[in-house]
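For reference, the structure discussed in these notes is given below.
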Amino acid sequence: MRAMTDTPVPTHALDDLATPFRTHTCGALRAPDAGREARLAGWVHRRRDHGHLIFLDLRDRHGITQVVLDAHEAPAAHAVAARVRPEFVVSVAGTVTRRLPGTENPRLATGEIELRARELEILSEAQTPPFYINEPDAPVDEAVRLRYRYLDIRREPMRDRLLLRAALVRAIRDAHHRAGFVEIETPILIKSTPEGARDFIVPSRLQPGTVYALPQSPQQLKQLLMVAGMDRYFQIARCFRDEDLRGDRQPEFTQLDLEMSFVHEQTVMDFVEAMAIEVSRTVVPERPLQAVPFPRFTYEEAMERFGSDKPDIRFGMELVDLAPVLREGGEGTGFRVFDEVLGTGGRIKGIVAPGMAGASRREVDELVALARRYGAKGLVHVSIDADGAVHSPVAKFLGEERLRAMLGAAGAGRGDLLLVVADEAAVTADVLGRLRRELGERLGLVDPAVLGYCWVHRFPMYQWDADNHRWDATHNPFSGVVPEDEPLLATASGDPYRPAPDDPAGRARAMQYDIALNGWELGGGSVRIHRRDLLERSFALQGYSLERMHSLFGGILEAFDFGAPPHGGIALGIDRWAALLADQTNIREVMAFPKTSSGTDLMLDAPSVPDPAQYEELGLRFVGIAPAARADAAGTAPAGREREGERAPSEGHSGTHVPGGGAA
RNA sequence: GGACCCGUGGUGUAGCGGCCAAACAUGCCAGCCUGUCACGCUGGAGAUCGCCGGUUCGAAUCCGGUCGGGUCCGCCA
């Protein structure tokens with residue numbers, strides 16, 4: 001054992017980016033290096049040819065260094081440089097030199113020096129790229145970017161976002177390891193579980209007629225790890241859901257998945273909050289946090305104040321209940337719509353758009369249309385202009401007195417616009433919540449640099465599913481109930497297997513917590529039910545018979561009989577988190593190789609028609625569609641992607657391949 | 001499953017019934033240039049306007065379909 005320590009360790013291999021092709025990266029050299037011999041390797045970012053003098057900007061992911069080739073100093077290297085084109089890969093050796101006074105470039109980190117080349121070697125030539133690599137802001141068609149993703153990643157914005165994402169994941173790992181978490185991988189080929197979203201399935205060859213499912217999340221596995229005594233588990237886990245895509249949804253995505261034993265709701269939230277603060281400060285130190293500690297709202301409060309279970313807390317514009325002032329004086333408001341809503345238990349609430357009293361007819365119409373699109377039947381607006389005069393299309397019904405009372409209750413001042421929705425509670429909250437978000441953005445009320453984290457917890461345990469006549473778990477079927485609500489896990493009839501819409505269960509609140517960032521849901525979790533009796537009661541309400549419960553969750557139920565610790569956890573969307581930290585609204589922008597909104601990979605041309613031998617081996621047959629037909633269908637077929645050598649050309653791949661671009 | 005937007009030289013756009021086998025910028029190619037850094041100057045090549053069909057004397061332009069990309073609703077936590 002001692003002898004081992006005498007073995008010389010090549011330490012440079014761990015802390016040095018030097019290789020046989022380079023002594024430094026393109027971002028490393030500075031003024032104090034002047035006089036040194038150095039060798040750099042990278043891509044030619046730009047070439048400026050002045051005849052006897054050629055400048056090359058050499059780029060790698062670390063930076064850009066200017067290389068000078070002088071026809072008199074190094075004629076051979078200069079001749080090579082004359083042939084070089086953008087995106088050629090070269091290696092260059094020479095002397096690091098301070099730039100001539102007045103020719104420094106303050107926009108480059110390496111701008112005080114340049115490399116006077118002695119020797120230049122072309123390692124690889126390059127075709128003219130399909131879009132600008134060296135102009136970060138140049139817009140490029142999305143499809144072209146995706147098809148040539150490896151070139152897109154060479155560009156500064158994508159490169160920086162992927163580096164940011166890597167920093168995020170690293171900071172997450174650091175924090176977890178320090179807090180005693182164990183990083184454990186769980187399988188990708190698992191069993192289908194009834195979890196809301198559609199599963200991706202993988203047919204089994206060894207067990208013909210059966211399929212694996214890809215995990216929608218490692219939910220059950222992490223709970224089993226708690227039963228296994230692993231205490232604190234985390235994983236940067238790939239998850240799969242076969243649903244339609246959105247800007248913030250891809251079929252495969254990454255979650256920070258974690259679970260802790262012997263915890264209360266508070267314990268998990270406190271850890272996640274501390275972790276999120278540390279991670280944010282490490283990854284984007286320049287972005288201030290809106291509030292620390294993170295505000296914690298009950299679901300009820302969040303819906304009441306923000307009309308959302310993932311509120312953007314970076315600005316005010318909270319929802320105000322207008323029913324009290326409208327009820328004053330009794331006997332109706334004079335406006336039938338309002339009276340009906342008040343009479344049927346609905347809600348009338350409003351938000352104040354500051355400074356929008358002068359909004360044009362067109363702008364207001366647009367807001368009304370927006371409200372309708374969000375599900376409202378209409379949108380009442382009341383404005384108070386700079387002179388204090390009140391205007392509203394419903395003035396003739398409500399009268400100025402009431403309008404002023406509403407404005408007063410809402411806290412609107414001169415120049416403001418009050419927007420009012422009257423509808424059943426859920427619609428009122430949702431519509432105003434969305435309008436609030438839209439207007440907050442539009443009116444510039446949010447500082448885009450700020451990170452506004454908050455918690456929402458105590459969600460309703462169940463939602464009544466009228467179609468199937470049962471209570472549906474709002475989140476996870478294993479979520480625990482708030483201790484004081486435990487007695488509510490019951491039916492009105494007393495028979496747990498006969499749920500009904502007026503059961504006490506409808507009032508039960510879950511030990512469920514969501515974390516939101518700038519109005520996006522970042523993650524959610526819960527303290528789980530670890531007691532067998534409670535679990536059975538909860539599942540009964542959810543419409544699972546004992547038999548069905550066992551066929552679906554048999555494994556975990558059995559495990560719980562062997563001593564399950566109280567436990568809880570959470571999962572956070574890494575893609576969303578990275579996107580928000582990178583100030584992006586689309587998670588494609590923080591994924592190296594994302595899919596299009598129709599679920600295809602334009603670079604790999606996936607999904608593709610399988611080889612008949614492949615599906616025959618699995619005992620599968622395509623019914624109703626001709627698999628080979630798709631190959632020819634692509635009108636704008638990704639060009640020139642013949643993949644010789646990877647696999648023998650097979651039938652069914654007779655698709656026309658557009659020949660690659662002409663010679664370069 | 002539905003709605004909307006987009007598709008013109010390599011890239012980004014203009015043109016929106018004849019004046020358009022199509023304009024501009026950039027890129028590309030060639031030549032010139034010793035201090036540039038979005039180098040500059042001169043010259044040149046390059047698109048039958050995603051695809052198919054229709055309307056019309058005439059279509060990049062209008063209509064229908066289709067393929068591809070995007071956004072939203074449904075779906076999805």
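None of the values given here were measured: they were computed from a predicted structure. All chains are named by letter (A, B, ...) in the order of the sequence lines, taking the proteins before the strands, and each is independently numbered beginning at 1.
U11(B) has no base stacking with the ring of Phe131(A) when judged by centroids under 5.5 angstrom apart and an interplanar angle below 30°.
In this structure, the nucleotide among U34(B), A77(B), G10(B) sitting nearest to the side chain of His72(A) is U34(B). Here the nucleotide nearest the side chain of Glu521(A), chosen from A77(B), C76(B), G69(B), is A77(B). The listed nucleotides are G1(B), A77(B), G35(B); the one nearest the side chain of Glu114(A) is G35(B). Of the candidate nucleotides G69(B), C28(B), G70(B), G69(B) has the atom lying nearest to any side-chain atom of Leu602(A).
The pair Asp57(A)-Arg48(A) meets the salt-bridge criterion, since a charged nitrogen lies less than 4.0 angstrom from a carboxylate oxygen. The pair Glu259(A)-Arg528(A) meets the salt-bridge criterion, since a charged nitrogen lies less than 4.0 angstrom from a carboxylate oxygen. Comment: Asp152(A) engages Arg155(A) in a salt bridge, judged by a side-chain N to carboxylate O separation of less than 4.0 angstrom.
For G9(B) and C33(B), the P atoms lie 36 Å apart once the distance is rounded to whole Å. Going from the P atom of C19(B) to that of U61(B) covers 13 Å, rounded to whole Å. Rounded to whole Å, the P atom of C62(B) lies 14 Å from the corresponding atom of C49(B). For the C1' atom pair drawn from C51(B) and C6(B), the interatomic distance equals 16 Å after rounding to whole Å. Between the C1' atoms of G17(B) and A22(B), the separation comes to 15 Å (whole Å). Taking atom C1' on both nucleotides, G18(B) is separated from U26(B) by 31 Å, rounded to a whole Å. C28(B) and C39(B): their P atoms are spaced 10 Å apart (whole Å). Rounded to the nearest Å, the gap between the C1' atom of G27(B) and that of G46(B) is 11 Å.
Between the side chains of Asp514(A) and Gln512(A), a donor-acceptor pair is found at a separation under 3.5 Å. For the residue pair Gln255(A)/Ser217(A), the side-chain donor-acceptor check at 3.5 Å is not satisfied. Side-chain N/O atoms of Thr596(A) and Ser598(A) include a donor and acceptor closer than 3.5 Å.
Side-chain nitrogen and oxygen atoms of Asn586(A) include at least one within less than 4.0 Å of the OP1 or OP2 phosphate oxygen of U71(B). Regarding contacts with the backbone of C73(B), a side-chain N or O of Arg434(A) is found under 4.0 angstrom from either OP1 or OP2. Taking only side-chain nitrogens and oxygens, Arg246(A) never comes nearer than 4.0 Å to OP1 or OP2 of C75(B). For the pair Ser598(A) and G69(B), the criterion of a side-chain N or O lying under 4.0 Å from OP1 or OP2 is met. Between G70(B) and Ser597(A), a contact under 4.0 Å exists linking OP1 or OP2 to a side-chain N or O. Close to U71(B), at under 4.0 Å from its OP1 or OP2, lies no side-chain N or O of Arg373(A). One finds a side-chain N or O of Thr596(A) lying less than 4.0 angstrom from the OP1 or OP2 phosphate oxygen of G69(B). Residue Arg85(A) has a polar side-chain atom (N or O) positioned under 4.0 Å from OP1 or OP2 of A30(B).
Residue pairs that meet the salt bridge (charged side-chain N to carboxylate O under 4.0 Å, His left out) test with at least one member in residues 62-74 of chain A, sequence neighbours left out, are Asp70(A)-Arg116(A), Glu73(A)-Arg116(A).
Taking the six-membered ring for Trp, Phe200(A) and Tyr212(A) have ring centres at least 6.0 Å apart.
Straight-line distance from the CZ atom of Arg116(A) to the C1' atom of U36(B): 12 Å, rounded to whole Å.
Under the 3.5 Å distance criterion, the side-chain polar atoms of Arg46(A) are matched with a main-chain donor or acceptor of Asn134(A). In this structure a side-chain-to-backbone donor-acceptor pair under 3.5 Å is present from Tyr513(A) to Ser526(A). The closest donor-acceptor contact from the side chain of Arg98(A) to the backbone of Gly35(A) lies at 3.5 Å or more, if one exists at all.
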How does protein reach along nucleotides 37-48 of chain B, written 5' to 3' as B (base within reach of a heavy atom under 4.0 Å), S (only sugar-phosphate), or - (no contact)?
-> BSB---------

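Between the side chain of Asp141(A) and the base of G7(B), no donor-acceptor pair under 3.5 Å is found. Contact annotation: side chain of Tyr132(A) to base of G10(B), donor-acceptor pair present below 3.5 Å.
Across all strands shown, A23(B) pairs with U13(B); the Watson-Crick or G-U wobble distances both stay below 3.5 Å. Pairing of A3(B), defined by two Watson-Crick or G-U wobble distances under 3.5 Å, is identified with U71(B). G58(B) is unpaired under the criterion used here, namely a Watson-Crick or G-U wobble arrangement in which both key atom distances are under 3.5 Å.
A heavy atom closer than 4.0 Å to some atom of RNA chain B occurs in no member of residues 426-433 of chain A.
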